[in-house]
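To start, the structure itself, in structure tokens.
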Amino acid sequence: MSLFSPRVMPAEPAGDDDPFIESLIARMTLEEKAGQLSIFFDNAREDAPDINPAQAAKSLAEVRAEIAAGRVGGLFNGIGVASGRALQKVALEESRLKIPLVFAADVIHGLRTVFPVPLGEAAAFDPDLAERTARAAALEATAVGVQWTFAPMVDVARDQRWGRVVEGAGEDPYLGRVLAAARVRGFQGQDLRDPDTLLATVKHFAAYGAVSGGMEYNSVDLSEATLHDVHLPPFKAGLDAGALSLMTAFNDINGIPATAHRGLLTDVLRKQWRFRGLVVSDFASDAELVSHGHAADEKDAARLSILAGCDVSMASGIYNRYLPELVREGAVPMAVVDESVRRVLRVKKALGLFDNPYRSLDPEKERTQLRLPVTVALAREAARRSVVLLKNEGGLLPLPKGGRRIALIGPFASDRVHLMGPWALWNEQRGVSLEQGLREALDDAQALEVVAGCGIEAPLEGGIAAAVTAAARADVVILSLGEGDEMSGESAARADIGLPAPQLALAEAVAATGKPLVVVLQHGRALALTGAVRAAPALLAAWYLGNESGHALADLIFGDHAPSGRLPVSFPQHAGQQPFHYNHRSTGRPQTQADASRFKSRYREVTHAPLYPFGHGLGYGDIAYGATELDASTLAWDGTATAQVTVTNRGARAMREVAQLYIHQRVASLVRPVRELRGFQAVELKPGESATLRFVLTRQHLAYAGADGRPVAEPGLFDLWIAPSAAGGTPAVLRLLAAV
Ligand code: NOJ
């Protein structure tokens with residue numbers, strides 16, 4: 001069994017009547033109960049990153065005193081075995097009930113070894129890869145004292161202005177479901193009691209990705225049907241895979257802040273879905289009910305949050321401050337607090353903390369398990385698999401390793417930091433730059449000339465002139481452009497999703513030399529491409545690839561491996577099209593590609609179509625799709641039908657092709673999207689090789705979630721495509737028959 005082999009067995013928390021847990025609850029004071037329901041940013045520890053809004057920093061002595069007083073259930077974002085053991089010792093030896101702390105952290109895409117950002121990795125369309133990188137991240141995180149990760153983020157992101165697109169699986173709920181489950185399995189492993197497993201958190205519940213205008217922390221106004229059909233399914237998939245923790249969101253939904261949303265936190269989560277793990281607020285999102293104008297003051301906010309079903313308060317301290325008095329006044333029933341405490345203790349028990357409180361706090365592992373060669377190799381594989389070849393006119397790529405002078409130009413050419421992405425919090429390493437990757441791969445490292453040309457968002461004096469000189473001397477130019485690590489992620493919404501002006505000016509000047517241009521983009525969202533960048537003959541969408549970025553890019557640029565990623569987000573024709581997603585509803589006045597008439601759904605400047613569609617991605621082969629075929633034209637209510645397609649590699653190089661199954665319901669009670677992804681399969685094809693891919697369909701593939709969250713399958717006609725992207729393929733028609 002390989003180090004990262006998939007292991008699938010959801011963790012089972014203790015029952016409601018676990019005698020050990022019940023006897024603990026019976027002995028707890030109200031203050032100790034509130035303490036178990038409170039976790040804090042561990043900014044007293046040396047390794048704590050500076051990422052959250054200013055929180056009154058506490059000294060180590062103060063933190064120890066709070067732990068000893070039983071006022072802390074867990075700490076997050078401080079790492080390190082020695083300091084973790086020292087804090088755990090205080091809980092075990094100085095607190096009255098000796099309940100172990102749980103240590104959490106934002107381990108989003110690796111720890112000491114940084115994998116591609118989740119959006120990038122989503123482009124691999126490969127749940128096995130996502131599971132293996134999550135497993136590897138768990139091995140490193142648990143080696144430095146982390147037991148609980150605040151990942152995966154499973155928010156469906158349909159507006160590329162939103163900065164947090166980078167942290168999830170993109171715009172599609174089906175891909176989101178598959179990857180949510182895979183990442184949970186990877187983090188949590190087979191048995192959550194194993195010290196190398198991490199408690200996974202699906203976040204941010206719910207609809208954070210639907211913030212109005214893509215603006216961070218904004219409101220969400222959303223129909224119940226879209227909430228259930230688009231935004232909730234990845235959460236359900238993550239919980240079904242065994243995640244025992246869920247985080248609320250900062251936003252309100254239709255006027256009710258998520259952290260006080262009883263309909264979501266109790267009715268959907270507990271009653272419909274039977275979730276038995278714990279719910280944690282986002283960073284002070286409970287106290288923020290006051291700024292939302294939903295709670296009168298912090299005490300009211302604590303009352304609303306706990307009554308809604310938010311078990312644990314993150315960072316604000318309002319549960320500690322107000323829960324005891326709220327219970328004594330009768331504003332919050334003791335049974336509600338007890339139930340939240342029960343959930344927390346149950347999760348601590350599932351983690352094995354009562355039997356082994358020093359789990360994941362082993363100095364030997366900290367010394368020996370970080371940045372193992374096998375983990376670094378996985379980072380390189382994942383990085384390679386994440387890159388999407390958008391365009392390759394005239395077969396410009398791959399480049400030969402010798403015989404040509406290459407100019408590498410752009411603000412990220414030698415960068416070793418931004419390539420890590422916005423969530424690489426504990427990585428003291430520098431990544432492999434594109435320059436390093438290219439030089440190591442070239443026959444003659446001197447054949448590469450490197451010029452920055454401009455800064456990320458500002459011009460460099462003489463930068464463009466130097467870049468043009470280098471381009472003029474070269475046979476081919478690689479332009480390394482994109483977003484810095486602070487241009488995506490939390491608090492990094494952008495009004496304009498294009499490249500910064502100085503980079504565009506650089507691209508125009510370099511393109512004017514007439515040299516063949518390969519553009520390598522680094523980014524945390526789909527970008528609106530313009531001018532010389534858009535017109536470049538070869539374009540690679542490379543996201544933030546992590547530590548092994550330069551190696552992986554060189555592997556692809558020189559053709560040691562072929563690109564195989566597919567877009568998990570649509571690239572628009574124009575920034576103003578946001579929010580843009582391929583699975584939009586049919587309008588009453590749709591505009592087909594060929595139809596240029598007025599009074600149709602479109603902008604004056606652009607049609608309602610992407611520049612590069614969801615699912616798009618080229619390789620170095622040349623894949624031809626046959627028509628989608630069905631083994632029957634009807635599907636009985638409880639029956640199955642098989643759809644198939646034959647794909648052929650007509651090119652001269654091997655290819656990994658991802659065939660995607662899309663559906664469209666022609667007539668429905670609720671207007672359906674023009675296309676919806678319902679499955680995908682990957683196949684490796686040698687030159688000249690063909691394969692027939694089959695999807696077995698049941699009516700579940702054709703159903704959608706109605707406004708009450710229940711699946712709706714409606715008899716009638718469905719178009720089906722097995723296609724290379726959301727814009728390709730030749731459809732077949734299937735009729736779903738009514739139940740008899
Ligand atoms: C706020 C972010 O929204 C959340 O995703 C993260 O887990 C917390 N901060 C803790 O760092």
Side-chain angles (χ1 to χ4, degrees), residues 38-45 47-55 57 72-79 102-111 117-119 134 137 141 146-157 162-169 180 183-184 187 198-211 214-218 220 234-235 238 243 245-253 257-259 277-289 291-292 305 310-317 421-426 486 488-493 524:
S38 301
I39 63 169
F40 296 96
F41 181 27
D42 194 355
N43 53 11
R45 277 211 259 175
D47 267 324
D50 178 23
I51 50 160
N52 284 299
Q55 194 201 17
V72 182
L75 291 164
F76 65 94
N77 282 349
I79 63 165
V102 56
F103 294 107
D106 286 290
V107 179
I108 311 294
H109 54 108
L111 191 115
V117 290
L119 182 67
V146 181
Q147 300 147 346
W148 177 11
T149 178
F150 297 146
M153 187 193 96
V154 303
D155 298 311
V156 173
W162 191 48
R164 304 197 75 170
V165 173
V166 66
E167 296 174 47
R183 288 175 172 146
V184 168
F187 286 134
L198 278 178
L199 168 64
T201 307
V202 287
K203 71 185 188 185
H204 308 83
F205 199 62
Y208 188 25
V211 282
M215 193 181 75
E216 181 64 309
Y217 312 128
N218 207 3
V220 170
F235 287 93
S245 148
L246 171 143
M247 188 186 291
T248 69
F250 286 123
N251 52 281
D252 74 275
I253 303 156
T259 305
L278 66 82
V279 172
V280 60
S281 77
D282 200 343
F283 198 99
S285 68
D286 50 359
E288 289 171 12
L289 299 184
S291 340
H292 273 291
S305 302
C310 177
D311 303 306
V312 177
S313 165
M314 183 197 291
S316 71
W423 264 124
L425 302 181
W426 298 278
E486 289 192 344
S488 74
E490 186 177 347
S491 184

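We number each residue from 1, following the sequence as shown. Just so you know, ligand 1 is whichever comes first in the structure, and atom 1 is the first atom listed for that ligand.
- Using a 4.0 Å cut-off to heavy atoms of Lys203, the atoms of ligand 1 that qualify are 4 (C), 5 (O), 6 (C), 7 (O).
- A donor-acceptor pair shorter than 3.5 Å cannot be found between the side chains of Asp252 and His292.
- Under 3.5 Å, the side chains of Asn251 and Asn218 contain no donor-acceptor pair of N or O atoms.
- Within the 4.0 Å heavy-atom criterion, neither part of Met153 lies near ligand 1.
- Between Ser281 and Thr248, the side chains place no donor N or O within less than 3.5 Å of an acceptor N or O (distance only, hydrogens not considered).
- Scanning all heavy atoms of the two residues, the minimum distance from Gly238 to Val202 falls at CA-CG1, 3.9 Å.
- Residue contact check: Arg164 has heavy atoms under 4.0 Å from atoms 2 (C), 3 (O), 4 (C), 5 (O) of ligand 1.
- For ligand 1, the polar-atom distance check finds an N/O of His204 within less than 3.5 Å of one of the ligand's N/O atoms.
- Residues Phe205 and Ile253 form no side-chain contact, since every pair of their non-hydrogen atoms from C-beta on lies 4.5 Å or further apart.
- Using a 3.5 Å distance cut-off with no hydrogens or angles, the side chains of Thr259 and Asp286 do not pair a donor with an acceptor.
- Within the listing of ligand 1, atoms 11 (O) sit less than 4.0 angstrom from a heavy atom of Asn77.
- Of all atoms in ligand 1, numbered sequentially from 1 with element shown, those under 4.0 Å from a heavy atom of Met247 are 4 (C), 7 (O).
- Close approach to Asp282 involves these atoms of ligand 1, each under 4.0 Å from a residue heavy atom: 1 (C), 2 (C), 3 (O), 4 (C), 6 (C), 8 (C), 9 (N).
- Applying the 4.0 Å criterion to heavy atoms of Phe150 picks out, from ligand 1, the atoms 7 (O).
- Residue contacts with ligand 1: Trp423 is placed with no nitrogen or oxygen under 3.5 Å of a nitrogen or oxygen of the ligand (distance criterion only).
- A heavy-atom separation below 4.0 Å is found between Phe250 and ligand 1.
- Contact check for Phe76 versus Trp148: no side-chain heavy atoms found under the 4.5 Å cut-off.
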